[in-house]
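Sequential numbering from 1 along the given sequence is applied to the chain's residues. These figures come from a predicted structure and were not determined experimentally.
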Amino acid sequence: MSDADARTPAQIEADIKRRRDQLAETLDEIGVRVHPKTIVGDAKAKIASSVDQSLGRAYVGANRFVSDVKAQFVSADGAPRVERIVPVALVVVGLVGLLAAGSRRRKG
């Protein structure tokens, strides 16, 4: 006589009820997973995560760029590098002067 043959009808009914409850729980979980709102929510979460990662990388890149530019004009001890600042300032002043002269010619 095997173990399955030795069970009483009450034990078999209890086993069927337990399996039925497990199946109902599994079907409920599947229903939640395939519900359109769940799918949309998961997609939104993935997109938000991707955007956050992209923005994080962009921020790190921009921060590195600013640090590199700053290092060109400020020494390690924080003192300005006049030998680099003055030529850049002269170029900027020259460009502003050229733009101003060009706009006067168009108006006149």
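- In this structure, NZ on Lys70 lies 10.5 Å from OG on Ser75, to the nearest 0.5 angstrom.
- When all heavy atoms of Pro87 and Val82 are compared, the closest pair comes out as CD-O, 4.2 Å.
- Contact check for Val51 versus Leu55: side-chain heavy atoms found under the 4.5 Å cut-off.
- Partners of Asp42 under the salt bridge (Lys or Arg N to Asp or Glu O under 4.0 Å) rule, at least two apart in sequence or in another chain, do not exist in this structure.
- In this structure, the side chains of Arg64 and Asp68 come closer than 4.5 Å at one or more pairs of heavy atoms.
- The backbone N or O of Ser50 lies less than 3.5 Å from no partner atom in the side chain of Gln53, so there is not a single donor-acceptor pair.
- Within 6.0 Å of CZ in Arg18 there are more than 12 heavy atoms belonging to other residues, nucleotides or ligands.
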Checklist entry - Run the side chain to side chain donor-acceptor pair (under 3.5 Å) check on Gln72 and Arg84 step by step: do they pass? => result CA-CA 7 Å; Gln72 298 298 316; Arg84 292 188 179 175; 3.0 Å; yes
What donor-acceptor contacts under 3.5 angstrom involve side-chain atoms of residues 24-36, with partners at least two apart or in another chain?
| residue | atom | partner | partner atom | Å |
| --- | --- | --- | --- | --- |
| Thr26 | OG1 | Gln22 | O | 2.9 |
| His35 | ND1 | Lys37 | N | 3.1 |

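- Minimum heavy-atom separation, Val88 to Phe73: CG2-CE2, 3.6 Å.
- With rounding to the nearest 0.5 Å, the separation of CD1 in Ile47 from OG in Ser54 is 11.5 Å.
- The salt bridge (Lys or Arg N to Asp or Glu O under 4.0 Å) test applied to Arg57 returns no partner, not counting sequence neighbours.
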Checklist entry - Could you walk me through whether Arg7 and Asp15 pass the side-chain contact (heavy atoms from CB on, under 4.5 Å) check? => result CA-CA 10 Å; Arg7 295 183 345 180; Asp15 189 39; 3.5 Å; yes
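- The side chain to side chain contact (heavy atoms under 4.5 Å, CB included) with Leu90 is formed by just one residue from the set Val93, Val86, Val92; it is Val86.
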